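Here's the structure we're looking at; comments come further down.
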Amino acid sequence: MRLSIEQAAHQLQSGRVIAVPTETVYGLAASLAHPQAISEIFALKGRPINNPLIVHLANAEEVEEYAGVLPADYFKLAAAFWPGPLTLVLPSIVAKVPSMVRAGLDTTAFRIPSHEMTRQLLRKTGPLVMPSANISGRPSATCMAHVEADFGSHFPVLDGGVCTQGVESTILFWHEGEWKVIRLGALAPDIFLPILGYIPKVTKIESGAHTPLCPGQLYRHYAPRAQLHLTPHFSDVLSGVIIGFDDRIYPKGCELISLGLSTTPETAMQRLYATLRLLDQEGITEAWVDSNFPIKGLWLTLHERLSKAAQK
Ligand code: TXA
Ligand code: MG
């Protein structure tokens with residue numbers, strides 16, 4: 001069910017959960033001021049309660065109201081990448097962010113999205129928590145039809161068109177004196193070099209503590225029902241579906257679902273979740289994925305998402 005921005009704001013302020021577009025993926029949104037709506041998000045998604053949510057704000061300046069001591073280079077990162085597809089995990093003022101949002105941690109993840117409709121909405125509603133608008137473990141939603149496929153055609157959605165980035169934000173986490181990438185996303189790690197003076201490492205943060213520091217790293221994501229096989233060559237594949245590129249030649253008996261050109265990771269990212277969802281929609285149970293691309297820059301994100309989608 002399509003909502004106007006005014007209706008969307010009203011629903012959120014009345015404590016309801018709705019889907020909201022961002023430049024990365026659609027989010028399932030609840031107001032930070034409505035704990036019962038926040039808990040409904042976990043139920044709707046089937047999301048484990050120890051996996052915390054990202055707080056989305058209209059302006060970078062608002063972050064300081066919720067965050068505690070800000071790590072080195074925070075202001076440089078905020079100035080360079082917000083609004084945009086970057087999430088920063090920061091120490092938080094625990095009294096200001098409900099424990100359910102932080103999953104009991106003393107940090108909070110913050111993001112200032114750049115999608116114009118989302119920004120207008122956030123200016124009306126104040127802070128919104130938004131995980132991706134998909135059933136947990138399924139591919140994220142990059143258009144209204146994907147949200148409806150997971151939550152039904154009556155589910156309220158602010159329709160902002162097709163997401164321009166198509167994969168989730170990159171998440172940076174301040175750990176042992178430097179920023180680390182705890183989730184690859186729409187910004188490649190090397191983009192941070194001019195700002196930080198180093199390329200943040202892509203890390204699994206190990207924690208001996210009872211509560212893991214980065215719970216999201218524990219869960220499997222992005223999986224279609226189809227079994228995917230990543231392969232750089234296709235000489236043995238005689239028939240079936242190949243997820244590949246327009247500028248490549250594949251065996252004649254195969255059907256190509258295209259991620260665009262092998263030179264544009266941006267297009268491949270933008271089409272990724274729609275492609276994975278298409279497999280399910282068409283009842284395809286097995287597909288081969290062309291993994292013949294460099295494992296660097298934005299291709300890193302694509303490789304990581306495809307590898308996770310291929311895990312059974
Ligand atoms: O692009 C995005 O980030 C989208 C759009 C809607 O903004 N949101 C999104 O949310 O991807 P979600 O919930 O699907 O993923 C958030 C990730 C999870 O892996 C979660 O564990 C991690 O962020 N996270 C949230 N708060 C955290 C915290 N305090 N410490 C460590 N990781 C955190
Ligand atoms: Mg998600």
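Fair warning: this is a prediction, and the values are worked out from it, not measured in the lab. For ligands, and for the atoms within them, numbers begin at 1 and follow the listed sequence.
Remark: ligand 1 atoms within the under-4.0 Å shell around heavy atoms of T107 are 28 (C), 29 (N), 30 (N). Taking every non-hydrogen atom of V89 and a distance limit under 4.0 Å, the qualifying atoms of ligand 1 come out as 28 (C), 29 (N), 30 (N). Every atom of ligand 1 with a heavy atom of N51 under 4.0 Å away is listed here by number and element: 18 (C), 20 (C), 21 (O). Residue-ligand proximity, M130 to ligand 1, at heavy-atom distances under 4.0 Å covers atoms 6 (C), 8 (N), 10 (O). Residue H56 has at least one heavy-atom neighbour below 4.0 Å for each of these atoms of ligand 1: 5 (C), 7 (O). Taking a cut-off of under 4.0 Å to the non-hydrogen atoms of P131, the atoms of ligand 1 that pass are 10 (O), 12 (P), 13 (O). Contact atoms of ligand 1 toward I54: 3 (O), 8 (N), 9 (C), 10 (O), 16 (C) (distance under 4.0 Å to a heavy atom of the residue).
Among the backbone and side-chain atoms of S132, an N, O or S atom lies under 2.8 Å from the Mg ion (ligand 2).
A salt bridge does not link E40 with R16: every distance from a Lys NZ or Arg NE/NH1/NH2 to an Asp or Glu carboxylate oxygen is 4.0 Å or more. R138 and D280 are joined by a salt bridge, as a carboxylate oxygen and a charged side-chain nitrogen come within less than 4.0 angstrom of each other. Between R119 and E23, none of the side-chain N atoms (NZ, or NE/NH1/NH2) sits under 4.0 Å from a carboxylate O, so this pair counts as no salt bridge.
Proximity of T24 to ligand 1, defined as any heavy-atom pair under 4.0 Å, is confined to the side chain (atoms from C-beta onward). Only backbone heavy atoms of L53 (N, CA, C or O) come within less than 4.0 Å of ligand 1; its side chain stays farther off. Under 4.0 Å from ligand 1, the heavy atoms of R47 that appear belong solely to its side chain.
When only interatomic distances are considered, the shortest N/O to N/O separation between Y26 and ligand 1 does not fall below 3.5 Å. Of the N or O atoms in T22, none lie within a sub-3.5 Å distance of an N or O in ligand 1. Taking any N or O of E168, backbone or side chain, none lies under 3.5 Å from an N or O belonging to ligand 1. The N/O atoms of S132, backbone and side chain alike, include one that comes under 3.5 Å of an N/O atom in ligand 1.
Side-chain atoms of Q7 come within 3.5 Å of backbone atoms of S4 as a donor-acceptor pair (strictly under, hydrogens ignored).
Remark: the R183 side chain and the S169 side chain contain an N/O donor-acceptor pair separated by less than 3.5 Å. When only modelled atom types and interatomic distance are considered, T142 and R271 share no side-chain donor-acceptor pair under 3.5 Å.
Note on ring orientation: taking the six-membered ring where Trp is involved, the planes of F234 and Y250 are perpendicular (angle over 60°, cut-offs 30° and 60°).
No heavy atom of R102 sits closer than 4.0 Å to any atom of ligand 1.
For F81 and F192, the ring centers sit closer than 6.0 Å to each other.
Annotation: side chain of T87 is not in contact with side chain of F110 (no heavy-atom distance under 4.5 Å). A heavy-atom distance below 4.5 Å is not found between the side chains of V241 and W288.
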